[in-house]
Amino acid sequence: MTSGSRSARPSTSTRTRPPCLPRPNGCWTTAARPTSRSSSVAHLPVLVVGAGPTGLTAAALLGSMGVQVLLVEQNATTSDEAKAISLDDESLRILQLAGLDKAIYPIIVPGTGTRYFGIGGRPLVHARGAGDHRFGHPFKNPFAQPDLERVLHAELHRFAGVVQRFGTRLTGLEQKPDRVRVELRAGDERPETVDVAYVLGCDGGRSTVRELLGIPMQGRSFPEVWLVADTVEDPHDQRFGMHYGDPRRPHVVVPGRDRRCRYEFLLRPGECEPGERPPFELLRELLLRYRDISPGQVERAVAYRFHALLADRLRDRRCFLLGDAAHMMPPFAGQGLNSGLRDAANLSWKLAEALDGRAGDTLLDTYDAERRPHARAMIDLSVRLGRIVMTTDRRRAWLRDLAVRGAMRTRRGRRYFTEMRFRPRTPISSGAVVRLDGRAHLLVGTLLPQPRVLFGPELTPARLDDVLGARWSLLGVDVADDGWLAAGLAGLPEVVEVDVALDDRAPRRRAGRAGVADADGRLQALFGDLAGQFLLVRPDRLVAAVFPPAQAERIGAALRAVRAADTTAPSTEGVRP
């Protein structure tokens with residue numbers, strides 16, 4: 001979604017008022033956020049520009065952490081266009097962090113991955129991922145974007161500090177040392193000038209925030225034109241996407257809920273130009289192999305080109321780019337929207353710590369360092385899949401089919417394709433992670449899996465994240481009490497302490513620490529080689545360090561350097577002229 005005018009008209013007034021937040025009727029009121037250890041900058045709200053899935057998720061995550069948020073969107077309502085169509089297990093886990101996963105499940109089809117077909121429609125492979133073994137949710141799940149936005153918009157009302165203002169455009173932006181002065185315009189009303197601590201540009205591929213900051217995007221657009229159609233009353237009942245790599249007409253079919261279905265077809269030269277509404281006769285001809293269709297059964301049909309673009313920088317002082325404002329990629333890996341939600345998860349807890357005076361610019365700088373390599377890897381994967389799966393070169397398609405069928409005859413090849421191990425792992429190697437002496441456990445810099453566990457003395461079944469809560473967490477795998485004492489004196493972040501019991505033993509009872517035990521063998525498989533060690537896990541569930549108790553002090557010192565609070569920033573004189 002875009003946010004409006006591209007002109008910047010910063011205010012020069014110096015009158016001051018207390019920190020304030022907007023009410024839905026356009027009035028302004030003093031924020032109720034508790035006093036922080038930092039300067040009064042911590043009282044200022046975060047401005048999120050754009051109420052698409054990325055912006056709504058960022059607002060929900062920040063709201064769940066007690067951060068005051070103003071969310072503005074130039075459109076009068078959430079979108080009615082079904083653009084993105086797939087949520088993966090990592091995205092559902094991100095929504096779980098904000099307590100929203102239960103609200104999302106009724107609008108998704110808990111999916112079984114993707115089936116790939118070769119020349120002549122012959123099946124090649126059914127890529128199911130690793131099921132819910134990784135992150136506690138189904139691997140790939142079709143949905144309709146209007147439904148997702150509607151639910152997220154409604155659920156934001158549970159967070160008292162999040163205010164949504166639709167029909168409001170960002171028209172100006174001026175950065176100062178301790179704030180960002182923005183100009184907002186609601187409809188035809190006079191613009192109002194507001195000061196905020198940080199701005200999150202979640203306003204899509206034509207981002208106003210990115211344009212006002214003067215940040216270019218690098219990459220390419222593809223010459224091929226695709227027809228994308230969303231239909232209703234469809235006969236498909238499959239719970240998986242279908243990628244047809246027939247070089248005569250590559251196409252994609254993704255069934256959704258309530259008999260909706262997404263169709264994507266590669267067009268031939270002259271059939272339709274990008275941006276034009278495809279002729280109904282062309283759409284009907286393309287769909288004949290699957291169904292007959294009437295004009296009233298077409299929710300959306302558009303012809304467009306794909307892009308593979310990445311912004312030159314994801315942070316500009318107090319402004320950040322997320323989602324399509326930061327990166328755009330072809331749809332063949334189904335990672336566009338999911339990458340935006342990863343941006344929100346990575347950044348939200350860092351902003352919460354900065355606003356609360358527990359961290360400063362060094363931690364905020366890790367957003368670009370951590371997210372850029374992963375976004376680049378997903379862009380490259382999407383481009384490669386498009387070239388291989390959707391090729392129009394019959395010889396290349398024949399070699400592809402031959403190679404995949406050969407690989408599927410081996411155990412390693414089957415796992416590579418069916419578990420989608422071709423997706424880049426891209427562990428975080430620099431940022432808010434610690435690798436002592438250049439060495440680290442394989443889990444460091446990756447997302448902690450989410451097995452089911454038995455929790456507390458009653459052995460209550462639970463998902464691991466529900467035990468960890470919303471803060472940093474320190475998991476001690478069969479760590480003795482003196483090891484916990486060493487960790488407590490090491491200056492680690494404020495953590496939720498969790499005792500992990502292995503070998504089918506019950507959780508230990510220790511004051512001030514939660515206890516978990518194995519529920520189904522996955523905890524043992526995950527932590528079996530880590531007995532006597534700690535795992536330090538960030539609020540976004542990324543493993544920041546794995547270490548024995550003797551190294552706790554070194555870990556604490558390294559993280560204090562990354563999280564160092566900025567004590568030099570001047571205090572604000574107010575938030576609104």
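- In this structure, Tyr367 contributes its side chain and Leu321 its backbone to a donor-acceptor pair below 3.5 Å.
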Steps toward side chain to side chain donor-acceptor pair (under 3.5 Å) verdict (His153, Gln164): CA-CA 8 Å; His153 167 60; Gln164 305 176 72; 2.6 Å; yes

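- Partners of Asp401 according to the salt bridge (charged side-chain N to carboxylate O under 4.0 Å, His left out) rule, which considers only residues two or more places apart in sequence or in another chain, do not exist here.
- Applying the salt bridge (charged side-chain N to carboxylate O under 4.0 Å, His left out) rule to pairs touching residues 375-392 yields Arg376-Asp380, sequence neighbours excluded.
- Residues Lys83 and Ser79 have side chains in contact (heavy-atom distance under 4.5 Å, counting atoms from C-beta outward).
- Rounding to the nearest 0.5 angstrom, the gap separating the OG atom in Ser348 from the CE atom in Met65 is 3.5 Å.
- Distance alone, capped at 3.5 Å, places no donor-acceptor pair between the Asn75 side chain and the Thr77 backbone.
- Looking only at distances, no side-chain donor or acceptor of Arg259 sits under 3.5 Å from a matching main-chain atom of Pro235.
- The side chain to side chain donor-acceptor pair (under 3.5 Å) check on Arg257 picks up nothing, with sequence neighbours excluded.
- Every ring pair (Phe, Tyr, Trp, His ring centres under 6.0 Å) that Tyr304 has, sequence neighbours left out, goes to Phe306.
- For the side-chain hydrogen bond (donor to acceptor under 3.5 Å, both in side chains) condition, no pair includes a residue of residues 45-65, sequence neighbours left out.
- Legend: residues meeting side chain to side chain donor-acceptor pair (under 3.5 Å) with Trp226, ordered by chain and number and at least two apart, are absent.
- Under the salt bridge (charged side-chain N to carboxylate O under 4.0 Å, His left out) criterion, Arg248 pairs with Asp246, not counting sequence neighbours.
- Listed by chain and residue number, Glu419 satisfy the salt bridge (charged side-chain N to carboxylate O under 4.0 Å, His left out) test with Arg421 (two or more places apart in sequence, or in another chain).
- Counting only distance, with no hydrogens or angles, the side chain of Thr391 and the backbone of Ile388 share no donor-acceptor pair below 3.5 Å.
- A distance-only check finds a donor-acceptor pair linking the side chain of Asp368 to the backbone of Leu314 [under 3.5 Å].
- A distance of 11.0 Å separates CG of Leu92 from CG of Leu97, quoted to the nearest 0.5 Å.
- Here the CZ atom belonging to Arg93 is positioned 9.0 Å from the CG atom belonging to Asp89, to the nearest 0.5 angstrom.
- Contacts of Asp343 classified as side chain to side chain donor-acceptor pair (under 3.5 Å), with partners at least two apart in sequence or in another chain: His327, Arg371.
- Under the 3.5 Å distance criterion, the side-chain polar atoms of Gln450 are matched with a main-chain donor or acceptor of Phe135.
- Listed by chain and residue number, nothing satisfies the side chain to side chain donor-acceptor pair (under 3.5 Å) test with Arg277 (two or more places apart in sequence, or in another chain).
- Lys140 meets the salt bridge (charged side-chain N to carboxylate O under 4.0 Å, His left out) test with no other residue; sequence neighbours excluded.
- Note on residues 289-316: pairs passing salt bridge (charged side-chain N to carboxylate O under 4.0 Å, His left out), not counting sequence neighbours, are Glu81-Arg300, Asp230-Arg300, Asp234-Arg291, Arg260-Glu299, Arg284-Asp292, Arg313-Asp316, Arg315-Asp361, Arg315-Asp365.
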